[in-house]
Each structure stands twice: as C-alpha cells, then as structure tokens.
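A quick write-up on the structure given underneath.
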Amino acid sequence: MTTNGAFGDFLAALLAFESGWDRERYETGEIADWQLDSWAGGAVGDYFPDYASWGDLTDAEWEAMAYRSTNSLGFVGFQFGEALLIDLGYYEDDVYYGNGAATNTWDGTWTGKNGATSLDAFMTKEVQDQAILDAFGYNLSVIENGLAQSGESLNDYLGETFTYYDNGAPMEVTLTLTGVLAAAHLRGAWGTLSLLQSGTVSTDEYGTSILKYVEQFGGYESPTVEALIAGYETGADVDTGDGQGSGDDTGDGSGTGDAGGDGGTDDGGTDDGGGAVVDAGDGFGSAGVTAATADVVINWSWGANAVISDFDPESSTVFVAWIGADQLEVVETDAGVQFSIPSNQQTILLEGVSLADLSEANFTFLDATAGNEVFAAIAAAGGATGGDTGGDDGSTGDGSTGDGGTGDGSDGDAGSGDGTGGDTGTGDGTDAGGGDDAGDGTGVGTGTGTPMVYAFTWNWGAREVIDDFDPEADQIDLSALWTSYESFTIGSDADGNAVIDLTAINNQTITLAGVDAEALSAGTFVGVSGAWPGVTGGTGDAGGTDDGDATGGSSGDDAPDGGVEAGAGVAVGLVLVDSWGDTFHFSATVENVGEAALEDWSFELDTDMELVSSWGVEAAENDEGYALSNVGWNGDLAGGQSAEIGFIVSGDLDLLV
C-alpha cells in the first residue's frame, strides 16, 4: 500500500506545521522573518550573531528552533501546553492555561520525566520526540476506552471513508492512524471521539478544523495502536522505525486534559450523510435521553458559565457528552450542584439542587468514568442510586432507574419509553394509564425520526442554508465559535425563513429554509452561552462586517458592526478566537473591497476595553478607543486582497454587541 512516508516523516511534518518553522513555506514567502522572530522570541542575530536572516540556518539549526517555537498563547514546539503535560506527568501546577491563566505561563514545577527538568530542557528534540509519543499513547487510550463503551475499537474506523459536514458543506476523508493521531493532538481525545461517533467537526482556538489534520497528516506509516498505548502506560519501547526513544516514566494519566476545550457536540450516534445524528440510546445512566431530548446538556463550550434555575430532580434530565472523569468535576455548593470542566473554564450550576436530590434517573453519560464519578458523589451524599431497572417501554420499571420516567410504569398502558429520541418504544403516547400521571404514557410509539445536529465552525462570509431543519428536534451546534446569544441575532428574511445572523462575528449566516424563527428556542442551540433572548429582529443586509449598514436585526443603516469603523474601500471582518475571564483574543481580516490598490490601510476600534497586545498592526490610542494601521509589510493590498492581523483586549466585552 502506498504511504505518504515513514513515521519520522510524519513527525517532521507535524512539527513543521505546529511550530510554524516550515522551511518550504518560508522559502515560498508564506512565512516571513518577522513571524519567526515572534515565535523565536527574538531576531536571528540574538541566537546566531553571524546570520542576517533565518534562511541562513542549517537544517539542524532550523529543527532546533522548531522545538523552541512558542506561539502567542505560550504553546511550545509541537504545540504542547501546560495542561497536556500535566496529564502526561511532565509538569505540575495549580494555575495554568485553561485553569485560571490567560496563557501558558510555564511557572509551575517540572517533574524531570524523560529529562524535562525545565522549560529549556523540554524545548529540545530529545525530550519532545518522546513527549509526543506519550501524547499519542495517552490520547489513543482515551479514544479506545470511549469506543469500547459502544462495543467498538479504533480499528473499526481506520481505512474507512466518511463524509463529514464542515460549516454545513460535505467533506469526504479517509481515516488513517496518523490522521487520527494528529487530530487528537489538535482537539484532544474527546474531540476526536466526537468526530468518530457523531460526525462533529470542531476547531482549535485559532479556528483550525480537526478535518484539516485528519486529511493533511493521514497515510503515513506508524507503530500500532497497541504499541503506542503500551509506550505511554508502561514505558515500553515504541518501535517507530526511525529512532524515536522510549519513556522512563509511565505517568498516571491524571490531570485535567488538553486546554481549550472541544467545540463539538457528541451524542454517540453515527453519520448518515445528512449531519451528526443524535441517537445515543440509553447511554450510561438510566435517563435514556439524548442531546436533543435532555433538559440540560453538558458539553464542551469554552468559557461558558450556565445557571439552570428550573431543574426539577423529580423529572428533569441531564445529557453529558464525551467528557471523562479526569475532565469533569462535581461539587455541592451553597447555590446548588455545580459541574465544571476546569480545563475549559466552564461551569454548569443546577441552582437550588443538592446531590442527595439526584439519582441515576436524571442522567445519561457517554463516558462511563464520568458517570461513575458523579454517581459516587450522589451516593456519598445519600442520593438514590438503586431501584429496579425498567425496559424501554416503562412496563417493569419502578421509575427510579428505569426508562419509565417518574410514573411506576406498570399501571399505564403506554409508559414513557424513549420514542422521542427516535427509538420505537412500545407505548402509544396517548394514554397516561392509571398511574400518577407524572410520567406514564409520554412515549411516542413510532418515534419522531432521527434528530440532527448541524455543527458549524468559522467560515468567513459563508451563507449556509439548511433545507430540512426540524425545529422540534434538530439542533445548531455553535460550540466551535465560542459565542453567546449577545453576539448574534435570530430573525427572518423577506421570505419568512429563520436566519441565524453571525455577521457581527464572522460575516456568516445560517438560513433554516421553511422554518419560522418563532419556532426556535434555547434548545435549538448547542454551545452558546448566556440567556436565551428569543427572536431578536430582522436580518439586516448580511453584508460585510463594516459596510456601514446595520447587521443582524438592527433597524438603522448607519450603525457600525461590532465596534469597528473602517475607511472607504476597506472592510474588516472581526472574529472572536478565544476568551478567558474578561480577556478576549480576536483575529481580523482587513480586505480591500475597492478596485484601486491600497498602499496603506487603517481602521478604528470603538471600544472602552484595554488593548493588551496586537500583531500585524500598529496601534495608537485615541478618543474612541484605538486606531489600528498596517505595518510596513502588509500595507499593499490590491483589489480583493486581504491581510490577517490579531489582537487581545480586556474588560467588559463591547466589540460584538
């Protein structure tokens, strides 16, 4: 079988792409010296006094700089962050990126594993080549454990071709082991599980799609899944065929996982060619709900802090996606039961609820380890964990752990079943029976079809249309956009179609053909923080992000979009890449929308926020906020050309509202 190269070629390609030190792209002008200056933390002369350009480096010197490369969020070399190295046993810290810190600060303690006694020691080929093998083994062990809960293994997927939906558009990829290894390194093991089992396409903090890694890094030779897992778990030699070493420390797999979170929604279903299917079955726990039917969904949503004020332990349900026990924490506070994902700066509070109020009948978990952790906490608090297990039709359950809901499931002729999730059930859904009417007879005998989750990622200027969206069952997953309801609008176009208008974020819209906007609700959306605002108006002109027209339901035509003002001929597309606390990372596309070439460009941020840092622009404070203008290398833009820049601001967010 033809391959793209040996495993060493795979590691070299991954390092070049992750670190940015890609000699081929440098020589073609895609990567410039100023970028390498930034990633190196200094100019070439600071490291090699006799050189005038990074291009003067030998191949060995170039590779050494790749292992030292550090991006704007402090990720190093292969893009290792503090959280992952905590998992792998190389590093220890209580406050780190994803858990209280805005960047990887590297101010914790190094364990000395495989020679990693300091950050400088870690930024070497000898240590990082072993650490990346450990990362592969760690991620594979999580993936295999997750798949095993559904009676599957990774080998069931490798070599198969699947069609996924990236921003609503189909993309066909063949899954290979090195593609999966790269994808898991980008989005973590749980993000990869979401891709495999539910077709959810997620992105990293910079908007890079998991599918890009699956495709770009697929097809290389590789050690086996078993060998890589054994290398991590036992320190066994991993035969890479090209001299990669083996570990001297098994690690314990503890820690909080890869920071940044996973944008996808996973429900245990499969891809049927029309999007990710939400049909998890009963899962782990006895609520028998899916992401579409649960009252509360706990899933990766970076920085979200949700408060559920109307949770009823007698009847409400919780669906927990692919989140492992080492990622999920549950505690009882004075305000209620709080679930948190520290690595994702995320909390979900069941207000006014105690652990003793809860039982297995409230939950469906996709990951059994998380379920065991939560149920152990409930049991320790004196909550219910036992009871008779009922069938899907509620005919024999006593309501405490069976699928029969809150009724006793024996007096009524319907039972609650799980028909609303697409399973057949046995009840007719029309007779509450002779029970207490609290849960009997709610099943729908024939089901309502298979609910769909349509996942969207950053896609500048896209105008996606979904033709067969069912507002009563289907969902829109915006997890990858790290957004809130305040950042976009929901309205109707001239033909009465519901429009989700994201132009203030990414010049992007999603139209639900034939759907009344009033039929949408908070249950329609996955991965959106904040309070549900209802329908917020018309859709405006859905044009560029600073075309002088109102955006997303504004009634006027003169309001600048997203607090950005640009001169004639210039359009600025603003994208919220990431946030932590009151600090926000934006990228922006500055486009020459005129016909005449530009030698210079500028725009203004009308904001009260503090500009912490910026790249690719000159920034000057003014009465309205800040004036941003080109630097020397990116000022010349022909008609239709654009420049990419970025900045970090802090304070009360006012750029997207």
Side-chain angles (χ1 to χ4, degrees), residues 1-5 9-10 13-14 17 139-140 143 146-147 150 152-204 206-222 225 262-279 322 450-469 474-481 506 508 510-511 513 526:
M1 182 177 67
T2 302
T3 69
N4 289 330
D9 298 324
F10 162 65
L14 186 63
F17 191 81
N139 286 330
L140 286 174
I143 291 170
L147 292 174
S150 301
E152 300 176 315
S153 73
L154 188 55
N155 287 330
D156 296 330
Y157 290 85
L158 297 180
E160 299 295 324
T161 299
F162 295 86
T163 298
Y164 296 108
Y165 285 78
D166 196 357
N167 291 299
M171 180 175 177
E172 189 175 87
V173 296
T174 300
L175 295 179
T176 65
L177 181 53
T178 54
V180 169
L181 293 176
H185 188 57
L186 175 78
R187 296 302 298 129
W190 284 273
T192 308
L193 269 171
S194 294
L195 176 74
L196 296 176
Q197 291 205 312
S198 70
T200 298
V201 177
S202 59
T203 65
D204 70 356
Y206 294 96
T208 304
S209 169
I210 191 172
L211 293 181
K212 180 178 180 66
Y213 275 51
V214 171
E215 187 172 44
Q216 181 171 335
F217 297 106
Y220 289 88
E221 296 174 10
S222 173
V225 171
D262 299 310
T265 299
D266 184 51
D267 50 39
T270 56
D271 194 321
D272 69 350
V277 176
V278 183
D279 185 7
W322 277 114
T450 304
M452 309 286 287
V453 173
Y454 296 86
F456 293 86
T457 57
W458 302 109
N459 190 9
W460 169 258
R463 299 289 181 260
E464 286 104 350
V465 177
I466 300 176
D467 291 321
D468 54 357
F469 189 85
D474 297 345
Q475 292 182 300
I476 301 294
D477 183 357
L478 301 180
S479 302
L481 276 67
N506 202 37
Q508 186 174 351
I510 303 166
T511 299
V526 175

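Quick caveat: nothing in here was measured; it's all calculated off a predicted structure. Starting from 1, each residue takes its place in the sequence as its number.
When every heavy atom of T178 is checked against every heavy atom of E221, the shortest pair comes out as CG2-O, 3.9 Å. Counting all heavy atoms, side chain and backbone alike, L158 lies closest to T176 at CD2-C, 3.6 Å. When all heavy atoms of D477 and V526 are compared, the pair lying nearest together is OD1-O, 3.5 Å. Nearest heavy atom pair, residue N4 against residue Y220, reads O-CE2, 3.5 Å. Closest approach of S222 to L177, counting heavy atoms only: OG-CD2, 3.5 Å. Nearest approach of N139 to H185, heavy atoms of both residues: ND2-N, 4.0 Å.
I466 contributes atom CD1, which lies 4.0 Å from atom CD1 of I476 (distance to the nearest 0.5 angstrom). With rounding to the nearest 0.5 angstrom, the CG atom of L181 is 5.0 Å from the CG atom of L140. Put simply, CG on L154 and CD1 on I143 are 6.5 Å apart, with the number rounded to the nearest 0.5 Å. Separating the CG atom in D474 from the CE atom in M452 is a distance of 6.5 Å, to the nearest 0.5 Å. With values rounded to the nearest 0.5 angstrom, F456 atom CZ is found 5.0 Å from E464 atom CD. Between atom OH of residue Y157 and atom CD of residue E152 there is a gap of 3.5 Å, rounded to the nearest 0.5 Å.
Not counting sequence neighbours, S153 has no partner by the side-chain hydrogen bond (donor to acceptor under 3.5 Å, both in side chains) test. For N155, there are no side-chain hydrogen bond (donor to acceptor under 3.5 Å, both in side chains) partners at least two apart in sequence or on another chain.
A donor-acceptor pair under 3.5 Å is absent between the side-chain atoms of T511 and the main chain of V465, judged by distance alone.
Annotation: side chain of F17 is in contact with side chain of K212 (closest heavy-atom distance under 4.5 Å). A heavy-atom distance below 4.5 Å is not found between the side chains of F162 and L196.
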Could you go through Q475 and V453, starting from their C-alpha distance and side-chain angles, then the distance that decides it, and tell me whether this counts as side chain to side chain contact (heavy atoms under 4.5 Å, CB included)? CA-CA 5 Å; Q475 292 182 300; V453 173; 3.8 Å; yes
